[in-house]
Amino acid sequence: MMDVAGEMYAQAYRIRRAEEEIARLYPTDKIRSPVHLSIGQEGVAVAICAHLRPDDVVFSSYRSHAAYLAKGGDLRAMMAELFGKGTGCAKGKAGSMHLVDSAANVLGTSAVVGTGIGNATGYAYAHQYRQLPGIVVCFFGDGASEEGIFYESMNFAALKQLPILFVCENNFYAIHTHQSKRQARCDIAGRAAAIGVPSEMVGNNVMTLHEVAGATIERIRAGDGPRLLECQCYRYKEHVGPGEDFHLGYRTEDDAEIWRKDDPVRQLATLVDTDLRQRLEAVVEEELAAAIDFAESSPWPPADELLRDVYKTREG
Amino acid sequence: MMDVAGEMYAQAYRIRRAEEEIARLYPTDKIRSPVHLSIGQEGVAVAICAHLRPDDVVFSSYRSHAAYLAKGGDLRAMMAELFGKGTGCAKGKAGSMHLVDSAANVLGTSAVVGTGIGNATGYAYAHQYRQLPGIVVCFFGDGASEEGIFYESMNFAALKQLPILFVCENNFYAIHTHQSKRQARCDIAGRAAAIGVPSEMVGNNVMTLHEVAGATIERIRAGDGPRLLECQCYRYKEHVGPGEDFHLGYRTEDDAEIWRKDDPVRQLATLVDTDLRQRLEAVVEEELAAAIDFAESSPWPPADELLRDVYKTREG
Amino acid sequence: MREITYVEAVREATDQLMQSDPDVLIYGLDVDDPKAIQGTTAGLLAKYGARRVFGTPLSEDAMTAAGIGMAMAGLKPIHVHIRMDFLMLAMNQLVNLGAKAHYMYGGQTSVPLTIRAMIGKSWGQGAQHSQGLYAQLMNVPGIRVVAPTTPYDAKGALIAAVREPNPVLYVEQRLLHFTKAAVPEAMYELPLGKARIMREGTDVTIVGVSYMALEAYRAAQYLEDIGISAEVIDPIWLSPLDHETILTSARKTGRLLAIDNGWSTCGAAAEILACMAEAEWSDRLPKLARLGFAPTACPPSPVLENLYYPNARTIAAKAKGMVTGIADDWLPEERRDLREMEFRGPF
Amino acid sequence: MREITYVEAVREATDQLMQSDPDVLIYGLDVDDPKAIQGTTAGLLAKYGARRVFGTPLSEDAMTAAGIGMAMAGLKPIHVHIRMDFLMLAMNQLVNLGAKAHYMYGGQTSVPLTIRAMIGKSWGQGAQHSQGLYAQLMNVPGIRVVAPTTPYDAKGALIAAVREPNPVLYVEQRLLHFTKAAVPEAMYELPLGKARIMREGTDVTIVGVSYMALEAYRAAQYLEDIGISAEVIDPIWLSPLDHETILTSARKTGRLLAIDNGWSTCGAAAEILACMAEAEWSDRLPKLARLGFAPTACPPSPVLENLYYPNARTIAAKAKGMVTGIADDWLPEERRDLREMEFRGPF
Ligand SMILES: Cc1ncc(C[n+]2csc(CCOP(=O)(O)OP(=O)(O)O)c2C)c(N)n1
Ligand SMILES: Cc1ncc(C[n+]2csc(CCOP(=O)(O)OP(=O)(O)O)c2C)c(N)n1
Ligand SMILES: [Mg+2]
Ligand SMILES: [Mg+2]
C-alpha cells in the first residue's frame with residue numbers, strides 16, 4: 001500500500017499539472033471563464049483533504065480547483081465545465097468559479113468573497129441536526145476573513161459547537177493588496193479564537209500541516225466543536241488568469257523565490273521514491289490528457305438549457 | 001463651581017426623570033412612537049458624555065434618549081418629536097428612534113441594530129481627514145456587537161487609527177435573550193482587542209467609569225487611535241415600552257434587585273449634598289414640565305411636510 | 001368552520017409542517033423568546049426542542065447564509081425576520097446564493113428555504129420599521145415571493161412555501177396578524193402562482209398586494225355606495241405573478257388599479273401595469289393606474305403617517321376617477337364599519 | 001475635440017473633482033492597486049495621497065456605512081465597487097440609512113455619497129459577476145440612480161453625481177469602458193433627470209438602459225436597412241426618470257420598446273412601461289414592450305451566454321414585430337460594422 005506522502009504527492013502533482021494545463025490552454029480561448037489558479041498553494045487542500053472521507057463535505061471559493069480535485073471532484077467534468085460544455089460538472093452554468101460535484105460532496109464554490117463561510121456553517125448545522133458522522137470543511141482566503149460573515153459565522157459555529165473546520169488559506173494578498181494594508185492585526189487565528197473558535201496558525205510545510213490537520217479533525221469528529229486553521233501559503237500566478245504578475249510591482253520575484261524554494265509539490269516529491277513518483281506522474285498525465293480530450297470533444301449545452309434549472313421542479 | 005459628581009447627578013437625574021415622564025404619559029397615547037427606555041443604564045451615557053466637548057460627535061441607537069440628553073440634545077425638541085409635533089427635533093419624521101440634534105452634535109440614531117457603528121467610523125474618518133480636534137463616540141448594545149458591521153468597523157477604525165470611542169452598553173440582553181445564548185465567548189472587549197482596538201470592560205460604578213473614560217478619551221484625543229469600552233449595566237424596564245416585563249420570565253425581579261441596589265442615579269445622589277441636590281432637581285423638574293408643555297401645545301407638522309426633505313435641494 | 005387569527009394560522013401551519021416533516025425547522029432572532037414573534041412561534045420550542053426552534057445572534061447575513069447551507073443539505077428551514085427592513089442585511093445571500101444555487105450548480109443542489117418577513121405599519125414605527133421591499137426580490141429570478149392576506153391563505157401559503165423546493169420570501173403585514181377568519185384544521189396548500197378574486201365587479205379591477213388587498217376590498221364597498229362595481233383581486237403570489245387572472249379581469253372591466261404595499265416605482269404595481277401594457281388589447285383602450293406608499297421614508301408623526309399610505313377611501317377616490325373620467329377631490333365619508341384596524345403594538 | 005475612452009472620462013472627472021474640491025475623496029476595494037479599477041483611478045493615489053485615495057478591507061457593509069458617515073460629516077466620497085453584484089452587501093446601509101438620513105433626521109443631515117458600481121458581461125463571468133441590480137435602488141426614494149452610456153455622459157454624470165447633495169448610484173457597464181468619443185476637457189455636468197434622444201425616428205421608440213442604449217442604437221441601424229425608422233432614447237438617469245421625453249417620443253411613434261440592462265421584472269423597463277401605461281393617451285392604442293436579461297442567473301458557457309442577453313439583432317426583431325404587427329422569426333444578418341465589442345478581461 002502507498003504511504004501518505006505518496007498519496008499526497010499524487011494528488012498535489014495532479015492539481016499542479018491540471019492548472020498548468022489550464023494556463024497553457026488559456027491563450028487558445030477555449031476556456032472562456034476567468035480562472036483563479038492555486039499554483040503554489042496546493043499543499044493546503046492536499047494536506048487537509050487527505051483526512052477527509054467521502055461523507056465529509058467541502059465548501060470553497062472561486063479559487064477552488066485544488067479543493068475540488070483534492071476532495072475527489074471529477075477532473076473530466078471540471079475541464080468540460082471550464083470549456084463551457086454540456087458535459088461540465090454544472091452543464092456550462094458554473095464556469096471555473098462555481099465548481100460543484102455533489103457526488104464527491106464538493107459544494108458551494110462561490111465568487112462573492114466570504115459567502116461560503118456562512119453556507120458551510122449552515123451545512124454543518126444540518127449535519128449536527130441529523131447526527132451525521134461527516135464533518136464540513138470550508139476553504140477561504142485571508143481577504144474573506146475581513147467580511148462580516150466570517151465573524152458572524154465563527155460566533156454561530158462556536159455557539160452551536162458545530163462539526164466544521166474553517167481553513168483560511170492565507171496567501172497574504174487579496175488581489176494585489178497585502179494583508180497588512182487590510183487588517184489592523186494580522187492574526188486571523190487570533191481573531192477566530194477571540195470569537196470562540198479554537199484556532200492555530202500553520203506554515204508552509206505540507207507534512208506539518210497534514211499532522212496538525214489530522215489532530216484537529218479528530219477533535220472535530222469527536223464532537224469537540226469547530227476549529228480554524230490559518231494556513232500560510234503563496235500564490236505564484238496572477239490573481240486571475242494564467243500569467244505572472246511581478247511586473248505590477250505589488251510584490252517581487254524575490255518574495256516569490258523564498259516560497260518557490262519551499263514549493264509544496266516539491267516538498268512531497270522528495271518524500272517519494274523516484275520509481276513510484278514516475279508511475280504516479282504517468283497516471284496523472286494520462287488522466288489529464290483524457291480529461292482535456294473529453295472537454296474538447298464534448299458538445300455545447302443545448303439552447304434550452306438556458307432556462308432549465310432556474311427553479312427546481314417539485315417532485316410528486 | 002459645581003463638582004463633577006454634581007454635574008453628573010444633575011444630568012442623570014434629568015435623564016431618569018424625563019424617561020419616567022415618558023413612561024407616565026405613554027398610556028395617554030400622546031406619544032405614538034415605540035420608546036426604548038434607558039432607565040437603569042443612564043450611568044453610561046452620563047459618565048462618558050461628561051468628558052465630551054461640543055465639537056465631539058455622538059452616534060447612538062434607538063435606545064438613545066440618554067445619550068441624546070447627556071450630549072446636550074434639546075429636551076423640548078425631543079419631547080415634541082415623541083409627540084409627533086412639527087417642533088420636534090426632526091419635525092415629526094424621527095419619532096423616538098431617530099433622535100437628532102446636529103447643533104449639539106448628536107447624529108445618527110438608528111433603529112436597525114449596528115448600523116451606527118459604521119456611520120460613526122466614517123464620521124471619525126472625516127474628522128481625521130480634516131484634522132479636526134473633535135472625537136466621535138458611538139453607543140451601541142451588546143446585541144449590536146454580534147453584527148458583521150461591528151467586526152468590519154473595528155478593523156477599519158484600528159487600521160486607520162481613527163479618533164473614535166466605541167461604547168458598548170452591555171445590559172446582557174438583546175430584547176429577551178441573554179448574551180450567553182447569543183455569544184460563544186461573552187467577552188466583547190476581548191473580541192475588539194483581537195481585531196485591533198484596545199478595549200476595557202467596566203462595571204456598573206459610575207465614578208469608576210467616569211475615570212476610565214477620562215483616561216481613555218485622553219488617549220484618543222492624543223491621536224492614539226480607537227478604543228472600546230464595554231460598560232456593564234442593566235435595563236429596568238421592558239425592551240420597548242413603558243412597563244416592566246418580569247412576568248415574561250426571561251429574567252427575575254431578583255436579578256434586577258441586585259442592580260437596583262446599585263442604581264446609577266442613586267450612586268451619584270449620594271455624592272452630592274442634599275441642598276445642592278434639591279436645587280438641581282428643582283431645575284430639572286421645571287425644565288421637564290416646560291418641555292412637556294411645549295410638546296403638548298406645539299402644532300402638528302403641516303401636510304406638505306410629507307414630501308419635504310426626501311432629497312436635499314442643491315444650493316447655488 | 002372555526003375562526004382563527006392570522007397569527008394562529010401561521011403558528012398552526014408551522015406546527016403541522018414540523019410535525020409531519022422532521023426536516024422542517026424554524027429559526028431567527030427571537031423565535032424562541034417569550035413573545036414568540038407575535039405568537040406565531042408560540043409553543044413550538046416546548047414541543048420540538050431547541051434543535052428545531054432556535055433564536056440566533058444578531059447576524060442576519062450569516063444566519064441567512066446558514067439557512068441556505070441547511071437547505072442545501074436537505075433541511076427545510078424557516079427563517080424569521082420580525083421586520084422586512086432587516087432583510088436588507090440578507091440580500092447578498094438571497095440574491096447571490098439562494099436564488100442562484102440551483103442554476104449555477106447545474107441542478108446539483110437546491111435551496112428549499114422559506115424567509116418570513118414582516119412589514120410594520122402605524123404607531124410611529126417610522127422610516128426603518130415600515131418598508132415593503134418585496135419587489136427587490138421579485139426582480140431576481142430563482143426566488144419565489146408570496147404575500148398572503150387572509151388567515152386562510154396565510155396557512156395555505158406557508159405550507160406551500162415550505163414544501164416548495166426553491167427559496168420563498170413569505171411576506172406578512174403586521175396589521176393582518178390580528179385578522180380572524182375560517183381556516184380548516186387539516187393541512188392544505190395554496191396552488192403556486194394563483195391569484196384570488198376576492199370580489200367580482202364590472203367597472204374597474206383593483207389589485208391589492210398583501211394588506212392593500214383588504215383596503216381594496218373596503219374601497220370596493222365605498223364604490224358600491226356610489227354605484228360603481230369593482231372587482232378586487234389579491235395576487236397572493238408576486239413571483240410567479242398570475243398575469244392571466246389579472247388580465248382577464250382587466251379585459252372585462254377595461255380599467256385596472258394596482259395598489260402596492262410598498263413604493264410603486266419598480267414595485268409590484270409597476271410590474272402589474274407593465275404586464276398589462278404588454279398584453280394584447282383589442283380596440284378598447286384600458287385605463288391603468290397604481291398607488292403605493294408616498295415616495296419618501298415613512299414619517300412617524302401620526303398626521304404625516306396617515307397621508308403616507310393609500311387607504312380604502314383614497315383608493316376608492318382614484319378608482320372613481322378612472323371610471324367617471326373626472327378627477328375631482330371626492331373622498332367618501334368614512335364608514336365606521338370600514339375603518340382600518342388600530343395598531344398600538346406590540347412591536 | 002479630442003476623443004477619450006469611457007475609462008479616461010471617469011478618471012478625468014474624478015481628477016478634476018478632487019482638484020477642485022478638497023472634500024472629494026475616492027475609496028473602495030482596490031482603487032489604489034496597480035490595475036486601478038480598469039484605469040479609472042490611475043494616477044490619483046500619486047497625485048492626492050492615501051488620505052484621499054484608499055483601498056479598503058473586504059468589508060462592503062461597513063465601508064458603505066463609513067461612506068455615509070463621511071458624507072454626513074460633509075465630505076463627498078466616491079465609493080467604488082468593481083462589481084454591482086457586491087452591492088448586495090451594501091443594501092442595508094444604502095436603503096435603511098443612506099436613502100433616509102436626510103428625511104428621517106428632519107433635514108438636519110445629508111448624504112452626498114456617490115457609489116460607482118460596475119456591471120460585468122461576457123467571458124463566462126457567470127451568475128455572480130454579471131448582474132444589473134439598479135432597479136432595486138430605483139424602488140427606494142431618497143437615492144438617485146444614473147447610468148451613463150457614452151464617455152461624454154460618463155464624465156458629465158460623475159460630476160453631477162458627486163456634486164449632488166444626495167446619495168447617487170452611478171452605474172457602469174464594463175463593456176462601455178473601452179468605448180471612445182469626444183469629451184470636453186473642461187468640467188461640465190449633465191442636468192439631473194434629463195434623458196437624451198440618441199437618434200430621431202418615427203415608427204418606434206426604443207429606450208435602452210446603459211449598455212443597452214448602444215445595442216438599441218445598433219438595432220435602429222438594422223431597422224433602417226428594412227425601412228423602419230426607430231427613435232432611440234438613452235434615459236441616462238433612472239431616478240429621477242425622464243418620463244416626459246420618453247412619453248413625448250412614444251406619443252409620436254405610437255410604439256415603445258424598453259430594453260433593460262438587467263432583469264425586467266420590477267426592473268427599469270417595467271417602470272418605463274408602467275409610466276407609459278399611466279399616461280393619458282388619446283385614441284391611438286400604443287404598443288408597449290420590453291426586453292431584458294433572460295429570467296435566470298447568467299450562464300458562463302458562451303453558447304448560453306449569447307442567448308442570455310438582448311442584442312442589436314434581437315431588439316431589431318422585436319421592434320419590427322411591433323411595427324409590422326407580425327411576429328415572425330426574422331433576424332437581421334449580422335453586420336460586421338455593428339458587431340458587439342469583444343471582451344476578454346481584465347476582470
Ligand atoms: C464580496 C466581494 N468583494 C469583492 C470581491 C472582489 N474580489 C475578488 S477576489 C478578491 C480577493 C480575495 O482575497 P482572498 O480572500 O485572500 O482570496 P485569494 O484570492 O487570495 O485566494 C476580491 C476583493 C468579491 N469577489 N466579492
Ligand atoms: C439588524 C436588526 N436586527 C434585529 C432587530 C430587532 N431588534 C431590535 S432591538 C434588538 C436587540 C438589540 O440588543 P442590544 O444591541 O443589546 O441593545 P439594547 O436593546 O439592549 O439596548 C433587536 C434584535 C433590529 N432592530 N435590527
Ligand atoms: Mg488571499
Ligand atoms: Mg442589550
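In what follows, chains carry the letters A, B, and so on, assigned in the order in which the sequence lines appear, proteins first and then strands, with residues in each chain numbered from 1.
Rounded to the nearest 0.5 angstrom, Asp304(B) CG and Leu307(C) CG are separated by 10.0 Å. With values rounded to the nearest 0.5 angstrom, Thr296(C) atom OG1 is found 9.0 Å from Tyr311(B) atom OH.
Counting only distance, with no hydrogens or angles, the side chain of Ser301(C) and the backbone of Gly92(B) share no donor-acceptor pair below 3.5 Å.
The minimum heavy-atom distance between Pro300(C) and Ala94(B), with the atom names listed, is CG-C, 3.4 Å. Leu304(C) approaches Ala303(B) most closely through the heavy-atom pair CD2-O, 4.2 Å. Here the closest non-hydrogen pair linking Ala111(B) and Phe86(C) is O-CE2, 4.4 Å. Residues Ser33(B) and Gly124(C) share a closest heavy-atom pair of OG-O, 3.7 Å.
His98(B) has its side chain within reach of Gln128(C): a pair of non-hydrogen atoms, C-beta onward, lies under 4.5 Å apart. Side chains of Pro299(C) and Leu306(B) form a contact here, defined as non-hydrogen atoms less than 4.5 Å apart. Looking at heavy atoms from C-beta onward, Leu248(B) lies in side-chain contact with Lys35(C) at the 4.5 angstrom threshold.
Leu29(C) does not touch chain B: none of its heavy atoms, backbone or side chain, sits under 4.5 Å away. The contact between Glu60(C) and chain B is made by backbone and side chain atoms together, counting heavy-atom distances below 4.5 Å. In this structure, the portions of Ser110(B) lying under 4.5 Å from any heavy atom of chain C include both its backbone and its side chain. Only the side chain of Asp33(C) comes within less than 4.5 Å of a heavy atom in chain B; its backbone stays farther off. In this structure, no portion of Asn306(C) lies under 4.5 Å from any heavy atom of chain B.
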### Query
Could you go step by step and tell me if Tyr308(C) and Leu307(B) meet the side chain to side chain contact (heavy atoms under 4.5 Å, CB included) rule?
CA-CA 9 Å; Tyr308(C) 179 75; Leu307(B) 293 178; over 6 Å; no
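Scanning residues 50-57 of chain C against chain B with a 4.5 Å non-hydrogen threshold yields Thr56(C), Pro57(C), sorted by number. Contact residues of residues 180-192 of chain B toward chain C are Lys181(B), Arg182(B) (heavy-atom distance under 4.5 Å).
A donor-acceptor pair shorter than 3.5 Å cannot be found between the side chains of Ser59(C) and Glu147(B).
Of the listed residues Thr177(B), Ile31(B), Val112(B), the one with more heavy-atom pairs under 4.5 angstrom with chain C than any other is Val112(B).
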